[in-house]
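Note that the structure is predicted; figures quoted are calculated from it, not measured.
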Amino acid sequence: MSDIREFIRAASGTGGKATLVIRGGRLVNVVSEEIYQADVAIYGERIIAVGDISDYIGPESKIVDATGKYLTPGMIDGHLHVECSKMSVTSFAKAVVPLGTTSIVTGLDQIIVVGGPDAAREFLDEAKETPLKVFWGAPCKTPYTMPRSTVGHYFSPADHQATHHWPECVGIWETVREFIQEEDADVLAALELAEKSRLPVLGCCPMTRGARLNGYQQSGVRADHESYTPEEMLEKLRAGMHVVVRESSISHFLADNLRIVTEMGAKALRRISFCTDDVVASDILKRGHLDNMVRMAIAMGISPMAAIQMATINGADALRIDDKVGSISPGRAADILLVNDLRNFNIETVVAKGEVVARNGKMAIELTPPGRSAALLNSVKVAPLQPGDLKVAYDSAGETAEAMAIAVTPEKIFVRTRRDVTLSVKDGQMLADPTKDVQYVTVIERYGKTRNRPVAFASGFGLKEGAIASSTAPDDNNIICIGADLEDMRIAINHLIANNGGQVVVRNGKVEAFLHLPIGGIVSDIEPAEMAVLEDQLDDAARALGCPLPWPFMYMFVLQITAIPEYAITDLGVVDCVRLKVISPFAPASGDERAVAAE
């Protein structure tokens, strides 16, 4: 029932009767900020009437009794890399729809770097067969790395021209500050096209304030989801941005960011919305999704109405999709939650796309994933590594030498600093030293375009033996591996190559744990509960190697992100994320660090 004439006639009382009716509930009106008794009439996938709906009920109308319940809009995740969950769109829907998330905004950038717009189109078509609405932001470009790393597809201005007309396209996604700062020609061209297409610009500008923020805002950015402190978020809010609070599996910013409301006097709560950015099944099943963010905000002293607005209408306003979702209003999507108590925000029933799809935290309908294209199931195109392929060559007559390690800390996952270390040199190789918490780290270009496989050093992972590896690793999804033993690293990488993707832990030449991710090498159709079990097994196996980090694989795969200071590693080598150049791992901390090409 997609013909607008049908909806007009049904809503006007001259056409078909309601297909679904929700009676007896108390409506949480996030637009007028009122709570009052109201019934809801739904026709197909749209709301056609709210209030007294007796004239809309017919003999075939299905009735949902909401007596004693509150009715809130389905929730909207305003910025989410759905592929980073490692779940396909179908599996992800199974995980979050029962928790009240009925819409997400995503760039599908991770599958795009693997398979281009065709792969994104596959995922968007898949979403149509689920209760989950997927709004798509065309990535400003891919990959987001600077200098540009090797990927399967580079999303270009030509791709923007070819996709802005897609019905799911709602904006320009992940407009990284460095691209604006460096006046990247492709990104500026994409922004010009966005203006012609009347698409909003969605930002990514962590740790951006003052003059850098002033310059960045000339891009026309409307909303940003990356504030590392409440002071940074408040400055962006005062500068006219919609600010999006992030609470991911690995980045816990909600409690700190919302201090702009609870302690710092910000009153413009309607300009604040929620997102999760990167979440995994094990965390969703333990803490929840956007429902958890609503509860957290309420616990901080924010009113239930304001917290629900942050999860619904505020995000819709920020993204200019409030005509489609975000409120229980005529003409909007029939995405409605039945909630027992607003303060506890436990969701009893979920209505999405006009039908009851979940009850008491469980799906009430069956979802079957689609068939997958051969291109997505055969995306790892690199030859297996041979003995000796992984080593840190170093020509020195001495027995020791100085090097740098990319250091991580449990407190701040995205902060990668420099640690200067003294390591042994033997037979022309510099050796990692697990006793000093120095491991090898390598990125293997997996698209068959180069033979790039730089090897450097990492610190903070604590591995005393073995190796961990992943083929899902934003922003380019090349294979990343950290290990204390080069042979275990080779075995881990080859296991991923042989299986067309996944995550693996190897110890003493044996695979200890493996999560198969065959779709694009980055996601799987397995059930969320099964995914959570396998994630826990991987993390436990990594901890058995000595890793102290709360999320070993997530801490590893963000090492490829160059948009956040200070250091990263891509298939080009170690990257100075401040100066945006590849550097030698042997370069001193001061002086002229020379750029080096990947071997």
Side-chain angles (χ1 to χ4, degrees), residues 80-93 95 104 106-124 126-127 134 136 139 142-145 149-155 173-174 248-250 277-282 284 369-370 372-382 443-448 468-481 492-493 495-504 514-526 528 530-532 534-535 538 551 553-561 570-571:
L80 171 72
H81 298 269
V82 65
E83 307 98 313
C84 289
S85 72
K86 302 187 294 294
M87 291 182 280
S88 67
V89 172
T90 301
S91 292
F92 190 79
I104 64 172
T106 183
L108 296 178
D109 38 13
Q110 303 308 307
I111 199 63
I112 283 173
V113 299
V114 175
D118 288 347
R121 189 67 260 165
E122 285 190 41
F123 277 33
L124 291 171
E126 176 184 356
V134 176
W136 179 63
T142 63
Y144 306 130
T145 49
S149 54
T150 308
V151 296
H153 182 83
Y154 301 100
F155 199 83
W173 173 267
E174 204 83 81
S248 75
S249 295
I250 54 175
D277 204 354
D278 301 308
V279 286
V280 294
S282 54
I284 293 170
R372 305 295 175 181
S373 67
L376 286 186
L377 295 176
N378 297 280
S379 65
V380 180
K381 300 175 181 178
V382 63
V443 174
I444 309 297
E445 190 276 308
R446 59 116 157 169
Y447 300 102
I468 62 176
S470 175
S471 62
T472 176
D475 289 316
D476 49 31
N477 292 300
N478 284 312
I479 296 172
I480 188 165
C481 181
I493 292 164
H495 191 76
L496 298 186
I497 293 170
N499 288 278
N500 268 293
Q503 295 182 320
V504 66
F514 175 56
L515 168 59
H516 193 201
L517 302 174
I519 305 169
I522 58 176
V523 300
S524 169
D525 280 322
I526 63 177
E530 183 182 354
M531 175 73 77
L534 293 172
E535 286 174 345
L538 282 165
W551 298 95
F553 280 84
M554 296 187 86
Y555 272 76
M556 176 177 66
F557 73 46
V558 300
L559 291 182
Q560 294 194 62
I561 298 175
T570 71
D571 75 299

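- Residue C84 holds its SG atom at 7.5 Å from CD1 of I522, rounded to the nearest 0.5 Å.
- Test T472, I444, D571 against I479 for side chain to side chain contact (heavy atoms under 4.5 Å, CB included) and you get one pass: I444.
- In this structure, N477 CG and Q110 CD are separated by 5.0 Å, a value rounded to the nearest 0.5 Å.
- Taken from CZ in F557 to OG in S471, the straight-line distance is 11.0 Å, to the nearest 0.5 Å.
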Run the side-chain contact (heavy atoms from CB on, under 4.5 Å) test on V113 and Y447 for me, step by step, so that the C-alpha distance in whole Å, both residues' side-chain angles and the decisive distance to 0.1 Å come before the verdict. CA-CA 10 Å; V113 299; Y447 300 102; 4.1 Å; yes
Apply side-chain contact (heavy atoms from CB on, under 4.5 Å) to the pair D525 and I519, showing each step before the final yes or no. CA-CA 8 Å; D525 280 322; I519 305 169; 3.6 Å; yes
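- Here E535 pairs with K86 under the salt bridge (Lys or Arg N to Asp or Glu O under 4.0 Å) rule; sequence neighbours left out.
- Not a single donor-acceptor pair under 3.5 Å links the side chain of S91 to the backbone N or O of P528.
- Two residues are said to be in side-chain contact when any heavy atoms from C-beta on lie closer than 4.5 Å; V504 and L496 meet this criterion.
- Atom CD1 of residue I111 and atom OG1 of residue T106 lie 11.0 Å apart, to the nearest 0.5 angstrom.
- When all heavy atoms of A120 and I112 are compared, the closest pair comes out as CB-CG1, 3.8 Å.
- Side-chain contact between F123 and V134 is absent, with no heavy-atom pair separated by less than 4.5 Å.
- Applying the side-chain contact (heavy atoms from CB on, under 4.5 Å) rule to S379 yields the partners V114, R446; only residues at least two apart in sequence or on another chain are considered.
- Between the side chain of H153 and the backbone N or O of P117, no donor-acceptor pair lies under 3.5 Å.
- Applying the side-chain contact (heavy atoms from CB on, under 4.5 Å) criterion to D118, with sequence neighbours excluded, gives no partner residue.
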Could you give me the CA-CA distance, side-chain angles and deciding distance for Q560 and T145, then say whether side-chain hydrogen bond (donor to acceptor under 3.5 Å, both in side chains) is met? CA-CA 8 Å; Q560 294 194 62; T145 49; over 6 Å; no
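- In this structure, a donor-acceptor pair under 3.5 Å is present between the side chains of S470 and Q503.
- To the nearest 0.5 Å, atoms CG (L515) and CZ (F553) are separated by 8.5 Å.
- A distance of 6.5 Å separates CD1 in I284 from OG in S249, rounded to the nearest 0.5 Å.
- For the residue pair E122 / S373, a side-chain donor-acceptor distance below 3.5 Å is found, with atom types taken as modelled.
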Working note: D278 + V558, criterion side-chain contact (heavy atoms from CB on, under 4.5 Å); need CA distance, chi angles, decisive distance, verdict. CA-CA 11 Å; D278 301 308; V558 300; over 6 Å; no
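- Without hydrogens or angle criteria, N478 side chain to T150 main chain gives a donor-acceptor distance under 3.5 Å.
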